[in-house]
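Just so it is clear, the model here is predicted, and its values are computed rather than measured.
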Amino acid sequence: MLTAPLPPNEEQRLARLQGLGVLDTLPEKAFDDISALAQAICGTSIALITLVDRDRQWFKSRIGVDISETPREVAFCAHTILNREQPMVVPDALLDERFHDNALVAGDPKIRFYAGAPIVTHDGYALGSLCVIDQQPRDLSPEQLNALSRLSDLVATLLEHERTRRQESARDAAATEREQEQLTAMAVAGLDLLVYLDPNGVYKHVNDTFLDYWACTRAQVIGNTLRDQVGESVFQEVIRPKLELALAGQTCSYERISEFPGRGRRHVKVDLMPARGAQGNIIGVVMRAQDVEEIRQRELHLSDTVALLEQKTRQQERFIHMLSHDLREPLNAINNFSSLLESDHLHNLPTEGQQYLGFVRAGGTRMQTLLDDLLHFMQLDRFAVTREPVNLAVVLERVLEQLGPLMEASGASVELGTLPVVQGEEVLLQDLLYQLVKNSLQYTRAGTEPRVRVSAEREAGFDLIHVDDNGIGIASHHQETVFGMLKRLQLRRHHPGSGLGLSIARRIAVLHGGSIALVSELGRGSRFTLRLPRTDALPAESFK
């Protein structure tokens, strides 16, 4: 750990700090509001306003920690005050030689990220820092750093203002109170459109964003009324009821579409918050308008997209109905009557007629298979996956029973390695593995008995199930094509099938939050790899 050196003007700096009379004072709402804004802007768990004393770092305001001070030798802010010109950012304290073994990094509050903007008085003394802290490495955008610096400038102003206020409180308490509340309102000067109104609806403060939207200068607004700015109709119908609620102590909001001279037609969300004095009395209203035009446009686009998806779903359901009924009925007639012709009248047909009937029978069978697979694929989108433990070793045994006739006819052998228990829908996973193994058994090289191996491994939170074969292989430029619907790379008379098996397998994998990848080489076989998210609840003994 590297202890920060003392600034060249240390004694004068300490005298300036002591002169403010702020050390060891009670918490104050204005400073806590600034800390809360810094925390909200930067999205951190801790925000502090620190003052670096001779031997300690004392917190004027703190959010996210319980302690009120730390030794100066471990204080990050003791380094921040060495450069009065810009914030100090430590993206990852463990990687910074100054702090990697710091007690505040090793112990509570376990600092990993720090960003502090020095609090500098008007005469150039860095007294401490407005800082934000988190327990994970991160960084801030230029806009966030700029906001942090602006808030630290406000802290310096407020500290000096507080000294003046304490000195003059007996003579001018009411005027000082209003000024302090205005400064607190200014703390959010960089957020949205913000104004501070007195109880009569007169503008006392507006931020730069407000001026940009309204295309005006501060002098043209301050002292005017809200009614004059937005117009009588809008004021009476929309704003006045909400303003009266805020002046009665109730935070409220509304949305409307406004025409801004500087930005055009925009959808805004407006919040009205009562501003209270030190005694709790309401002294005005803070009015903040957030431009939500882009958000509302995205919501409209999303709504249109949902409506389109619903329409496509209805079309899909009609298509499924057609597959299931309208097409199946004539197909069943073709298959049934061609079967009757074959069984009852085949011997009465000439050789050429028998050949034609065979074509009809084969075509009907292929069409039946295609229709079944297509219907199966379409219905997958309507399937709600129930996640339960599935023993893949048991599932593969059932798959091999289904494929028994195909394996016997081809002389194939399937070797099973150690397989895991995974989370998913057992029926669907059985179908997926059936498609992969069947594919490996069908696409074999001439004169070669099919050899398939199913194995598994674990990697980076996933169970990987590999299906390896010694088949014909797939050229690299076709390896993604095979997963498309009705995509075939081989002639049907050599390798039967609908061309939907791998599409079905991939769709089931996606439904389980997984994927299927292919590695293959022509003439050397293929490896299909199913990746399924691993469930941490399953013990290591799930591998059998």
Side-chain angles (χ1 to χ4, degrees), residues 1-28 30-35 37-38 42 46-63 65 67-90 93 96-99 102-105 109 111 114-133 145-168 180 183-184 186-187:
M1 181 184 75
L2 298 179
T3 303
L6 299 178
N9 60 350
E10 177 65 359
E11 292 305 318
Q12 296 91 329
R13 189 191 70 82
L14 289 172
R16 188 75 168 85
L17 176 60
Q18 294 293 332
L20 288 175
V22 68
L23 291 173
D24 299 312
T25 56
L26 293 174
E28 296 178 67
F31 293 96
D32 289 342
D33 286 347
I34 294 172
S35 296
L37 285 166
C42 300
I46 297 174
L48 305 169
I49 295 176
T50 72
L51 297 170
V52 181
D53 200 359
R54 186 179 300 276
D55 298 311
R56 62 174 178 157
Q57 168 186 244
W58 179 76
F59 305 148
K60 174 59 181 171
S61 174
R62 63 183 188 268
I63 295 177
V65 296
I67 59 175
S68 60
E69 62 181 54
T70 69
R72 179 171 176 172
E73 63 183 10
V74 299
F76 283 49
C77 297
H79 294 264
T80 301
I81 65 173
L82 298 177
N83 186 348
R84 299 172 300 174
E85 303 301 324
Q86 62 184 17
M88 183 181 83
V89 179
V90 181
D96 193 307
E97 63 177 1
R98 296 171 296 178
F99 309 113
N102 188 296
L104 301 179
V105 175
I111 298 173
Y114 168 93
I119 300 169
V120 183
T121 61
H122 74 277
D123 49 354
Y125 292 103
L127 305 181
S129 166
L130 170 62
C131 64
V132 292
I133 293 169
L145 286 175
N146 179 56
L148 195 65
S149 295
R150 294 178 68 177
L151 290 175
S152 71
D153 290 344
L154 181 61
V155 173
T157 302
L158 200 55
L159 285 172
E160 295 183 288
H161 169 77
E162 281 295 287
R163 178 191 180 192
T164 303
R165 188 183 69 83
R166 283 190 295 271
Q167 291 174 344
E168 299 178 353
Q180 178 183 344
L183 285 170
T184 302
M186 290 173 61

Report task. Evaluate side chain to side chain contact (heavy atoms under 4.5 Å, CB included) for Y114 paired with D96, printing each intermediate quantity in order. Result -> CA-CA 11 Å; Y114 168 93; D96 193 307; over 6 Å; no

Requested in this report: Would you sort out whether L82 and M88 count as a side chain to side chain contact (heavy atoms under 4.5 Å, CB included), showing the intermediate values?
Outcome: CA-CA 10 Å; L82 298 177; M88 183 181 83; over 6 Å; no

Query raised in the report: So E69 and R62, salt bridge (Lys or Arg N to Asp or Glu O under 4.0 Å) or not? Walk me through it.
Result: CA-CA 10 Å; E69 62 181 54; R62 63 183 188 268; over 6 Å; no

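In this structure, K60 pairs ionically with E28, as a charged nitrogen and a carboxylate oxygen lie closer than 4.0 Å.
Judged purely by atom type and a 3.5 angstrom limit, D53 has no side-chain atom pairing as donor or acceptor with the backbone of D55. Using modelled atom types, one side-chain atom of R84 and one backbone atom of G124 make a donor-acceptor pair closer than 3.5 Å. Between the S129 side chain and the T50 main chain, no donor and acceptor come within less than 3.5 Å of each other.
In this structure, E97 and L2 have side chains that are in contact, with non-hydrogen atoms separated by less than 4.5 Å. Within the 4.5 Å cutoff, the side chain of N146 has heavy atoms near those of the R150 side chain. Side-chain contact between L145 and Q86: absent, with no pair of heavy atoms (C-beta onward) separated by less than 4.5 Å. In this structure, R54 and L17 have side chains that are not in contact, with every pair of non-hydrogen atoms separated by 4.5 Å or more. Contact of the L130 side chain with the F31 side chain is not registered, since no non-hydrogen atoms from C-beta on lie closer than 4.5 Å. Annotation: side chain of L48 is in contact with side chain of F59 (closest heavy-atom distance under 4.5 Å). No side-chain heavy atom of F76 sits less than 4.5 Å from a side-chain heavy atom of R98.
Here Q12 pairs with nothing under the side-chain hydrogen bond (donor to acceptor under 3.5 Å, both in side chains) rule; sequence neighbours left out. Not counting sequence neighbours, the partners of S61 by the side-chain hydrogen bond (donor to acceptor under 3.5 Å, both in side chains) test are D32, S35.
Between F99 and H79, the ring planes lie perpendicular to each other; the angle is over 60°, past the 30° to 60° tilted range.
At a cut-off of 3.5 Å, with distance as the only test, a side-chain donor of T70 or Q57 sits close to an acceptor on the other residue.
To the nearest 0.5 angstrom, N102 atom CG is 8.5 Å from T3 atom OG1. Considering CG of L158 and CG of D33, their distance stands at 10.0 Å, rounded to 0.5 Å. Note that the CZ atom of R56 and the CD atom of E73 stand 15.0 Å from one another [nearest 0.5 Å]. To the nearest 0.5 angstrom, L14 atom CG is 9.5 Å from L127 atom CG. If you take CD1 on I119 and CD on E160, they are separated by 11.0 Å, rounding to the nearest 0.5 Å. Remark: D24 CG to L51 CG distance equals 10.0 Å, nearest 0.5 Å.
The two residues N83 and P118 make their nearest non-hydrogen contact at O-CG, 3.5 Å. Minimum heavy-atom separation, I81 to A126: O-CB, 3.6 Å. Closest approach of P109 to I46, counting heavy atoms only: CB-CD1, 3.9 Å. Between T80 and G116, the shortest heavy-atom distance links the atoms CG2-O, 3.5 Å.
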